[in-house]
Amino acid sequence: MSIRPLVILPDSQLRLVSSPVGEITADVRRLVDDMFETMYDAPGIGLAAIQVGVPLRVVTIDVSRDEDGRAPQVFINPEILKVSDEVSTYEEGCLSIPEYFEEVERPSRVTVRYRDLSGETKEVDADGILATCLQHEIDHLNGILFIDHISKLKRDRVVRKFTKQARDRAKGVA
Ligand code: GNR
Ligand code: NI
């Protein structure tokens, strides 16, 4: 198991549409292990494979807030089948946009079909933070970031800030 480096805004990899997983190979299982290690280390409640530079439709989530009662969940090729009309607002963050948080409105409940690590097809009805997290992660698989759901003014501001940070780091400043 290893912690993999996170892909950070404005890296264009974050705009890729990830490809479906075919067979669940040893490489896919290793990717999932490393995603959990990377996610718990960060720490975060969810991670999409593209955030570690792998453009595959793989998501890890653990919304349990308890280090001793971990509840890791893997979603391979997840698809949203149904969303509620009711919406909820959560303050979202993203490991690819460190230390930036903003409120996002999304459907309160979603039905998601996915494959688990044994390749079995499953469905889950999610609400609360799991519903929000699943939508945030499935957006990543489609090259969409939570800042795409906020105002253009706020989005342009945060993209500019991260673009400058990347430029300064490349130049060896800060
Ligand atoms: O750790 C994370 N927290 C979070 C909080 C509110 C809504 C979504 C998230 S997901 C985020 C980790 C991440 O970037 N996943 O892609
Ligand atoms: Ni994210």
Side-chain angles (χ1 to χ4, degrees), residues 1-21 28 31-80 83-84 86-112 114 124-151 154-155 157-159 161-163 165-166:
M1 290 242 290
S2 38
I3 295 169
R4 301 196 192 186
L6 286 165
V7 173
I8 304 294
L9 191 75
D11 195 314
S12 61
Q13 291 180 87
L14 294 171
R15 295 310 188 175
L16 291 174
V17 176
S18 294
S19 302
V21 172
V28 172
L31 169 66
V32 167
D33 280 354
D34 288 355
M35 285 173 65
F36 276 117
E37 192 172 357
T38 305
M39 184 183 91
Y40 286 127
D41 176 71
I45 61 171
L47 197 69
I50 194 60
Q51 293 182 275
V52 292
V54 179
L56 287 175
R57 303 185 82 81
V58 176
V59 164
T60 56
I61 291 182
D62 187 337
V63 292
S64 73
R65 299 232 146 209
D66 183 355
E67 279 226 22
D68 305 320
R70 280 184 175 176
Q73 293 182 271
V74 183
F75 300 87
I76 295 172
N77 300 341
E79 291 173 71
I80 296 181
V83 301
S84 61
E86 191 194 316
V87 294
S88 303
T89 302
Y90 272 95
E91 181 162 88
E92 298 198 17
C94 183
L95 295 175
S96 297
I97 314 173
E99 290 161 56
Y100 182 74
F101 303 91
E102 197 55 66
E103 291 198 334
V104 177
E105 187 181 272
R106 300 182 186 267
S108 304
R109 295 179 302 282
V110 290
T111 303
V112 172
Y114 63 98
V124 63
D125 286 311
D127 61 9
I129 188 66
L130 179 59
T132 293
C133 192
L134 275 165
Q135 292 173 78
H136 177 118
E137 303 312 339
I138 292 169
D139 270 355
H140 274 301
L141 305 184
N142 296 321
I144 296 167
L145 300 171
F146 86 90
I147 55 172
D148 298 332
H149 298 288
I150 66 178
S151 75
K154 287 178 176 170
R155 181 170 58 252
R157 202 187 287 149
V158 65
V159 170
K161 182 180 160 196
F162 277 82
T163 302
Q165 275 178 7

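One-based numbering, in listed order, for ligands and for the atoms of each. Remember, predicted model here, so these are calculated numbers, not experimental data. Numbers here simply count residues along the sequence, with the first being 1.
- Of the residues I150, T132, I147, D148, the one that meets the side-chain contact (heavy atoms from CB on, under 4.5 Å) test with V104 is I150.
- One N or O on the side chain of D11 and one on the backbone of Q13 form a donor-acceptor pair closer than 3.5 Å.
- Close approach to C94 involves these atoms of ligand 1, each under 4.0 Å from a residue heavy atom: 14 (O).
- Here the protein heavy atom with the shortest distance to atom 15 (N) of ligand 1 is E137 OE2, 2.7 Å.
- R106 is listed as a side-chain neighbour of D139, based on a closest heavy-atom distance under 4.5 Å.
- Looking only at heavy atoms of the protein, atom 1 (O) of ligand 1 is closest to I45 N, 3.0 Å.
- Around the Ni ion (ligand 2), protein N, O or S atoms at less than 2.8 Å comprise C94 SG, H136 NE2, H140 NE2.
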For a quick test of your reading: what N or O donor-acceptor pairs under 3.5 Å do the side chains of residues 69-80 make, sequence neighbours left out?
residue : atom : partner : partner atom : Å
N77     : OD1  : V21     : N            : 2.8
N77     : ND2  : V21     : O            : 3.0

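- Scanning the protein heavy atoms around atom 13 (C) of ligand 1, the nearest turns out to be G46 O, 3.4 Å.
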May I have the list of side-chain donor-acceptor pairs in residues 46-55 shorter than 3.5 Å, sequence neighbours left out?
residue : atom : partner : partner atom : Å
Q51     : OE1  : A48     : N            : 2.9
Q51     : NE2  : S96     : OG           : 3.0

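- Nearest protein heavy-atom neighbour of atom 7 (C) of ligand 1: E92 CG, 3.5 Å.
- For Y90 against I129, the heavy-atom pair with the smallest separation is OH-N, 3.1 Å.
- Atom CG in D127 sits 11.0 Å away from atom CG in L134 (nearest 0.5 Å).
- Shown in contact with G44 at under 4.0 Å from a heavy atom are these atoms of ligand 1, numbered in order with element: 1 (O).
- Ring geometry, F36 versus Y40: the interplanar angle falls under 30°, so the pair is classed parallel (tilted spans 30 to 60°).
- The shortest heavy-atom contact between H140 and L145 is CE1-CD2, 3.5 Å.
- Closest protein heavy atom to atom 14 (O) of ligand 1: L95 N, 2.8 Å.
- Looking at T38, its side chain does come within 3.5 Å of a backbone N or O of R4 through a donor-acceptor pair.
- Distances below 4.0 Å separate heavy atoms of H140 from the following atoms of ligand 1: 16 (O).
- Residue, atom and distance of the protein heavy atom nearest to atom 9 (C) of ligand 1 are G93 O, 3.6 Å.
- Taking each heavy atom of I61 and M39 in turn, the nearest pair found is C-CE, 4.0 Å.
- The closest approach between any non-hydrogen atom of M39 and ligand 1 is not below 4.0 Å.
- Among residues two or more places apart in sequence or in another chain, the side-chain hydrogen bond (donor to acceptor under 3.5 Å, both in side chains) test is passed with S108 by E86, S88.
- The protein non-hydrogen atom at the shortest distance from atom 8 (C) of ligand 1 is H136 ND1, 3.5 Å.
- Taking every heavy atom of E91 and a limit of under 4.0 angstrom, the matching atoms of ligand 1 come to 6 (C).
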